[in-house]
There are 2 protein chains.
Amino acid sequence: METQDLKKVGLKVTLPRMKILELLQNADQRHLSAEDIYKLLLEADEEIGLATIYRVLTQFETAGLVTRHHFETGQAVFELERGEHHDHLVCIKCGKVEEFKNETIETCQDKIASEAGYRITDHSLIIYGVCPECQKK
Amino acid sequence: METQDLKKVGLKVTLPRMKILELLQNADQRHLSAEDIYKLLLEADEEIGLATIYRVLTQFETAGLVTRHHFETGQAVFELERGEHHDHLVCIKCGKVEEFKNETIETCQDKIASEAGYRITDHSLIIYGVCPECQKK
DNA sequence: GACCATAATGCAAAAGCTTCTCATTTCTCT
DNA sequence: AGAGAAATGAGAAGCTTTTGCATTATGGTC
């Protein structure tokens, strides 16, 4: 299945690519940094170079298979693209990321962009806050 | 005047800090990277080390005088805080940044955060697109 | 199933951006 | 003006990410 996905976007089916895709699909966290992936693969006894991980993730991004996010952490995180757009709620204490979707906001954004004469290509809405669990601590 | 601002937030009034503040107030671009500032100061014959600029900007950020943004450029940009919140429209071709404000979106964000149980601390909405000028090219 | 051209990988080195260290200088307050 | 504390400069170091190049693996073909 994933094999097809890779071929479809013109990428050879290689072990590193399969493993990385698999991990993105199955990991607890939906948002992983390159290093997270590297370490998780090591734990699973898959020694894949960090450079390869970066290269593969960039190719996946170009191919539209994953999305790269720059939260305010200094590290980019990657997320498997599941076709539907959503925005993010990031806990500044524990780093947890939740997703949400809001039609009103989407509509407003389109309106704002077109009023400014922009051809919109992407957008990113991130709300930073403290999640319920971290508020208790 | 700025002198007071600095003292108020517990920072000594030094030449580098004054020059950086001045630049942020008077530059054509409202959003400047540390390196932009470094170069602009050089042009104005003010040799201020890049390290100092980073330090000062971080202090200004902590003091609430400037805001740091992480657009998808790999470089942080800084903007003088003028008290009122706004969001950003970034041109992916020329890098130009425009600002906008939309009450509906703000309200939605607050609602979303509180529904998820988050205590909101900040948010960032960035719309990426191609500006009118760049569309012509 | 083996072969070949091409593409992918790994490693180490390099490249950006940002932060840190520490000796020296500059402020503030008296 | 002088003392103590804080800030600066320069270079080194730290992190994340990218690149170069020799080696290895893949996909299509015979």
Side-chain angles (χ1 to χ4, degrees), chain A residues 2-23 31-42 44-63 65-79 95, chain B residues 2-23 31-42 44-63 65-79 95:
Chain A
E2 305 99 14
T3 304
Q4 310 309 343
D5 291 343
L6 289 179
K7 283 196 173 156
K8 228 179 291 175
V9 296
L11 295 173
K12 281 188 181 174
V13 178
T14 64
L15 207 96
R17 298 214 254 242
M18 295 294 284
K19 290 294 171 193
I20 293 171
L21 243 193
E22 230 170 74
L23 190 60
H31 300 82
L32 298 169
S33 69
E35 186 132 18
D36 289 340
I37 294 174
Y38 177 70
K39 286 183 182 157
L40 286 170
L41 287 173
L42 271 191
D45 269 322
E46 300 287 347
E47 287 225 21
I48 297 177
L50 199 47
T52 300
I53 293 175
Y54 274 105
R55 257 183 310 231
V56 168
L57 287 171
T58 302
Q59 294 160 341
F60 282 6
E61 186 191 16
T62 305
L65 294 176
V66 306
T67 305
R68 183 193 304 246
H69 298 287
H70 291 87
F71 299 148
E72 317 259 317
T73 54
Q75 244 181 336
V77 297
F78 299 82
E79 166 184 28
Chain B
E2 304 98 14
T3 304
Q4 310 309 344
D5 292 345
L6 289 178
K7 283 197 173 154
K8 228 179 291 176
V9 296
L11 294 173
K12 278 191 185 174
V13 179
T14 64
L15 206 95
R17 298 214 255 241
M18 295 294 285
K19 290 295 172 192
I20 293 171
L21 243 193
E22 228 171 78
L23 191 60
H31 301 81
L32 297 169
S33 69
E35 187 135 16
D36 290 338
I37 294 174
Y38 177 70
K39 286 183 183 161
L40 286 170
L41 287 173
L42 272 190
D45 270 321
E46 300 286 347
E47 287 226 21
I48 297 177
L50 201 47
T52 300
I53 293 175
Y54 274 106
R55 256 183 314 229
V56 168
L57 286 171
T58 302
Q59 295 159 341
F60 283 4
E61 186 190 16
T62 305
L65 294 178
V66 307
T67 306
R68 184 192 303 247
H69 299 287
H70 291 88
F71 299 147
E72 318 259 317
T73 54
Q75 242 181 337
V77 297
F78 299 83
E79 166 184 27

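Naming: A, B, ... by sequence-line order, numbering from 1 per chain. Hydrogens, waters and symmetry mates play no part in the numbers below; they use all other heavy atoms, side chains included.
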Chemist: Please tell me which of B/A34 and B/L15 maps to the more 5' nucleotide of DNA chain C, matching each residue to the nucleotide holding its nearest heavy atom.
Modeler: B/A34
Chemist: Starting at atom CD of A/Q59, determine the distance to atom C1' of D/dT19, rounded to an integer number of angstrom.
Modeler: 14 Å
Chemist: Rounded to whole Å, how long is the line connecting atom CZ of B/F78 with atom C1' of C/dT18?
Modeler: 9 Å
Chemist: So, do B/D36 and B/F78 sit near enough that their side-chain heavy atoms are less than 4.5 Å apart?
Modeler: no
Chemist: Measure the distance from CZ on A/R55 to C1' on C/dT9 and round it to the nearest whole Å.
Modeler: 6 Å
Chemist: Check whether any side-chain N or O of A/T14 sits under 4.0 Å from OP1 or OP2 of C/dT9, and answer yes or no.
Modeler: yes
Chemist: Would you kindly give the CD-to-P distance between A/Q75 and C/dT18, to the nearest whole Å?
Modeler: 15 Å
Chemist: Nearest-Å distance, CD1 (A/I48) to C1' (D/dT24)?
Modeler: 14 Å
Chemist: Which pair of non-hydrogen atoms, one from B/K19 and one from B/L41, has the smallest distance, and what is that distance?
Modeler: CB-CD2, 4.0 Å
Chemist: Using the closest heavy atom to pick a nucleotide of DNA chain D for each, name whichever of B/R17 or B/A51 lands nearer the 5' end.
Modeler: B/R17
Chemist: Tell me whether the side-chain N/O atoms of B/T52 come closer than 4.0 Å to OP1 or OP2 in D/dG9.
Modeler: yes
Chemist: Which nucleotide, D/dA25, C/dT28, D/dA7, lies nearest any side-chain atom of A/K12?
Modeler: D/dA25
Chemist: For the residue pair B/L6 and B/L65, establish whether any side-chain heavy-atom pair is separated by less than 4.5 Å.
Modeler: yes
Chemist: Given atom CD of B/E47 and atom C1' of C/dT25, what is their separation to the nearest angstrom?
Modeler: 16 Å
Chemist: For a 4.5 angstrom cut-off between non-hydrogen side-chain atoms, does B/L57 reach B/I37?
Modeler: yes
Chemist: Between A/Y54 (OH) and C/dA12 (P), how many Å, whole number?
Modeler: 17 Å
Chemist: Write down the distance between CD1 (A/I53) and C1' (D/dT16), rounded to a whole number of angstrom.
Modeler: 13 Å
